[in-house]
Amino acid sequence: SSAASDVYKRQIQEGLTREQWHILQYTCTAHLVAISGLHVQMIAYQARQGTLFILAWLRAPNPHKTAIIVSQVATTSYGFLAGFGVACQRALLSTSLRSLESTTAIRLESLERLGLCAVATSIVSPHSILKLSFILSYGMSASIILLHKCGKKSWLEAHIGTSIVSMPFNLYFWHHLGLISPITNLIAIPWITYLILPLSLASYATMILLPCLLYTSPSPRDRTRSR
């Protein structure tokens, strides 16, 4: 798992030059190519919706429970692949709690769920609370939750609001406001969500599974001998 994780992270991150990283930071899109919680949320959503679509077509019973299981398997597998970074841990724990809520009578507020994730992360890995990734992941998540508590907003208003609440973090840690963030992420997030990430994961899964299938399938010579 660790070897696969290292390969995956190198393929995503080491293919970028220092100049490209600077561009990603100043356009506030670096989070899209980092091993981030956003990826886990993307995979959870796509796995759940894809499973619901297939099961609805097959008219299978209990499609929602099956979709939850498939989503959990997909996100956990990605966690193993990505190396369980702080943001990845937060998103995985949050997804698991949401799944638990949908199948039981347990109900949690968004801030309560985030607090439980932070407590669990600090217990498993106490030193992580001092990391920049912990501060950014949980700080941004708390800011977005508080933003949504201010009232119901359209998708565009929520997107612009998220960019605004991220500006203090950009200013403190990277010394720029990232005023272009609403425009760049409006274009980049759908592009990454619906095209780049699914194709990348599909190609990576094919790279792993295809040699196994070719190794286990009988060769034409073996088939001739069996006859």
Side-chain angles (χ1 to χ4, degrees), residues 1 4-5 8 12 32 35-121 123-124 137-138 141 144-145 148-149 152-156 158-159 162 189-218:
S1 172
S5 169
Y8 181 71
I12 291 178
L32 294 174
I35 304 299
S36 67
L38 179 60
H39 291 177
V40 177
Q41 296 169 9
M42 291 176 182
I43 292 166
Y45 174 79
Q46 291 167 356
R48 184 172 60 253
Q49 295 302 114
T51 304
L52 287 174
F53 176 80
I54 294 171
L55 294 180
W57 181 70
L58 295 174
R59 298 186 179 181
N62 298 323
H64 291 283
K65 288 186 178 181
T66 306
I68 289 171
I69 294 171
V70 172
S71 176
Q72 282 298 116
V73 171
T75 52
T76 304
S77 300
Y78 179 80
F80 277 108
L81 183 64
F84 287 111
V86 171
C88 188
Q89 291 174 27
R90 176 192 56 76
L92 279 171
L93 288 169
S94 180
T95 303
S96 301
L97 288 173
R98 284 177 181 271
S99 299
L100 184 65
E101 290 176 44
S102 63
T103 54
T104 63
I106 298 173
R107 294 295 179 267
L108 295 171
E109 292 289 333
S110 299
L111 284 175
E112 292 175 338
R113 193 182 305 114
L114 184 67
L116 285 175
C117 295
V119 170
T121 302
I123 291 173
V124 174
S137 181
Y138 284 94
S141 297
I144 293 170
I145 291 170
H148 285 282
K149 283 185 175 292
K152 191 174 182 180
K153 298 174 178 60
S154 66
W155 179 84
L156 183 60
H159 174 77
T162 301
I189 288 177
W191 179 262
I192 295 291
T193 303
Y194 298 110
L195 186 65
I196 302 299
L197 184 62
L199 290 178
S200 298
L201 291 173
S203 63
Y204 191 79
T206 303
M207 183 179 67
I208 294 175
L209 295 175
L210 189 59
C212 298
L213 294 174
L214 292 175
Y215 180 77
T216 55
S217 61

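Every value quoted in this text rests on a predicted model; they were computed, and no experiment measured them.
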- prompt: Excluding sequence neighbours, so at least two apart, what forms ring-ring contact (aromatic ring centres under 6.0 Å, His included) with H159?
  reply: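 Only W155 meet the ring-ring contact (aromatic ring centres under 6.0 Å, His included) criterion with H159.
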Which residues satisfy the side chain to side chain contact (heavy atoms under 4.5 Å, CB included) test with [X], sequence neighbours excluded?
{"X": "H64", "answer": "L52"}
{"X": "T121", "answer": "Q89, L93, S128, F134, Y138"}
{"X": "I123", "answer": "V119"}

- request: Work out which heavy atom in L92 is nearest to a heavy atom in G79; give both atom names and the distance.
  value: CD1-CA, 3.9 Å
query: Taking all atoms of both residues into account, what is the closest heavy-atom pair of C117 and S94, and its distance?
result: SG-N, 3.5 Å
task: Write out all pairs satisfying side-chain hydrogen bond (donor to acceptor under 3.5 Å, both in side chains) with one or both partners inside residues 66-75, taking only residues at least two apart or from two chains.
output: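 Checked against side-chain hydrogen bond (donor to acceptor under 3.5 Å, both in side chains) - neighbours excluded - the pairs reaching residues 66-75 are Q72-S96, Q72-S99.
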task: Output every pair passing side-chain hydrogen bond (donor to acceptor under 3.5 Å, both in side chains) with a member in residues 49-58, not counting sequence neighbours, ordered by first then second residue.
output: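 Pairs touching residues 49-58 that pass the test: none.
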Spacing of CG belonging to L108 relative to CG belonging to L114, to within rounding of 0.5 Å: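 Nearest 0.5 Å value for the CG-CG distance: 11.5 Å.
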message: I need the full list of salt bridge (Lys or Arg N to Asp or Glu O under 4.0 Å) pairs touching residues 48-70, with sequence neighbours left out, sorted by first then second residue.
response: none
query: Going by the salt bridge (Lys or Arg N to Asp or Glu O under 4.0 Å) test, which pairs reach into residues 96-110, not counting sequence neighbours?
result: E101-R113, E109-K149
query: Would a distance-only check, ignoring hydrogens and angles, find a side-chain to backbone donor-acceptor pair under 3.5 Å from T103 to L100?
result: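 Between the backbone of L100 and the side chain of T103 there is a qualifying donor-acceptor contact (under 3.5 Å).
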